[in-house]
Amino acid sequence: MKLRRPRRPPEFRLADSAQQIVGGFLLAGPFVVTEEVWTLAGNMHNAQAVGTVAVVFAIGYAALYKADTTREAEEEQEVAGIPIRFISLMLVTFGSVTVLALLFGAPETFLEDDSTEAIAMTTFKAISVGAVFSVVGAATADSIFAK
């Protein structure tokens with residue numbers, strides 16, 4: 001006999017964002033301050049960074065709506081046809097990595113001799129790499145602690 005889990009309410013709450021933030025920051029931190037990530041980002045092509053961003057979006061959507069069978073994207077509150085929970089997840093994912101990178105001064109630490117444009121581009125690439133891990137933490141926290 002298969003046990004059914006109760007369906008979650010489709011309302012997105014502030015507590016949901018708080019859970020995402022905790023998970024996102026938890027897994028983003030170690031990658032933002034790692035020299036290997038910044039070296040990798042410096043050697044990535046722009047297309048690879050865009051591809052990494054696409055992977056982050058795919059992981060986030062899959063974790064929220066495919067891996068968790070009690071949640072339906074079509075039943076949730078939306079903005080322009082996109083679930084608010086997913087928008088929040090992406091903001092938290094990329095925001096947490098960005099905040100930590102800037103707060104710790106990672107671009108200035110690892111990219112000393114580059115031009116402003118090169119620093120900005122490499123920082124974007126490093127953020128895209130860190131976001132892969134941040135999205136896993138944020139989506140997991142959202143799914144595990146949701147009521």
Side-chain angles (χ1 to χ4, degrees), residues 2-107 110-111 116-147:
K2 186 176 179 182
L3 295 175
R4 293 178 48 130
R5 290 180 20 179
R7 295 193 71 64
R8 295 188 184 131
E11 297 84 27
F12 183 75
R13 302 164 300 147
L14 183 60
D16 296 326
S17 282
Q19 293 159 354
Q20 291 174 349
I21 290 168
V22 170
F25 272 92
L26 182 68
L27 288 185
F31 297 98
V32 171
V33 295
T34 305
E35 184 175 6
E36 288 81 5
V37 168
W38 289 88
T39 302
L40 174 69
N43 291 320
M44 286 173 69
H45 296 287
N46 293 344
Q48 291 171 311
V50 171
T52 305
V53 169
V55 167
V56 170
F57 274 76
I59 290 170
Y61 189 84
L64 287 182
Y65 302 112
K66 300 301 179 190
D68 188 346
T69 59
T70 63
R71 185 178 289 141
E72 295 289 332
E74 296 80 25
E75 295 177 4
E76 291 195 358
Q77 297 167 317
E78 298 178 341
V79 172
I82 303 170
I84 292 175
R85 182 178 306 279
F86 182 71
I87 294 170
S88 173
L89 181 69
M90 291 301 104
L91 290 174
V92 166
T93 295
F94 290 100
S96 61
V97 180
T98 302
V99 165
L100 288 175
L102 298 177
L103 188 64
F104 294 151
F110 299 116
L111 308 172
T116 303
E117 182 181 332
I119 289 174
M121 198 62 202
T122 303
T123 301
F124 166 73
K125 293 173 187 176
I127 288 168
S128 73
V129 172
V132 171
F133 304 97
S134 180
V135 73
V136 171
T140 301
D142 186 17
S143 293
I144 289 177
F145 298 115
K147 290 183 180 179

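All residue numbers in this chain count up from 1 along the given sequence. Not measured: the values here are computed from a predicted model.
How far CZ of Phe31 is from CD of Glu36: 11.0 Å, rounded to the nearest 0.5 Å. Atoms CZ and CG, on Phe86 and Asp142 in that order, are 12.0 Å from each other to the nearest 0.5 Å. Atom OG1 of Thr140 is separated from atom CG of Leu64 by 9.5 Å, given to the nearest 0.5 angstrom. Here Ile127 contributes atom CD1 and Leu102 contributes atom CG; the two are 6.5 Å apart, rounded to the nearest 0.5 Å. From Thr93, atom OG1 reaches atom CG of Leu27 across 10.0 Å, with rounding to the nearest 0.5 Å.
Here the rule is side chain to side chain contact (heavy atoms under 4.5 Å, CB included) with Met44, and of Thr122, Val50, Val129 only Val129 fits it.
Taking each heavy atom of Asn43 and Gln48 in turn, the nearest pair found is O-OE1, 4.3 Å. What you find for Lys125 and Ala49 is that their closest heavy atoms are CG-CB, 3.7 Å. Across Ala28 and Val97, no two heavy atoms sit closer than the pair CB-CG2, 3.7 Å. Counting all heavy atoms, side chain and backbone alike, Ala126 lies closest to Val37 at O-CG1, 4.2 Å. Heavy atoms only, all atoms of each residue included: Gln20 and Leu89 are closest at OE1-N, 3.4 Å. Shown here for Val92 and Ala138, the closest heavy-atom pair between the two residues is CG1-CB, 4.3 Å.
Checked against side-chain contact (heavy atoms from CB on, under 4.5 Å), Glu35 has the following partners two or more places apart in sequence or in another chain: Thr39, Phe110. Not counting sequence neighbours, the partners of Val53 by the side-chain contact (heavy atoms from CB on, under 4.5 Å) test are Phe57, Phe94, Phe124, Ser128. Legend: residues meeting side-chain hydrogen bond (donor to acceptor under 3.5 Å, both in side chains) with Ser134, ordered by chain and number and at least two apart, are Ser96. Residues satisfying the side-chain contact (heavy atoms from CB on, under 4.5 Å) criterion with Ile119, sequence neighbours excluded, are Pro107, Leu111, Asp114, Thr123. In this view, Phe25 satisfies the ring-ring contact (aromatic ring centres under 6.0 Å, His included) rule with no residue, not counting sequence neighbours. Checked against side-chain contact (heavy atoms from CB on, under 4.5 Å), Val132 has the following partners two or more places apart in sequence or in another chain: Thr52, Val56, Ile59.
Val135 has its side chain within reach of Met90: a pair of non-hydrogen atoms, C-beta onward, lies under 4.5 Å apart. Within the 4.5 Å cutoff, side-chain heavy atoms of Pro83 are placed close to those of Tyr65.
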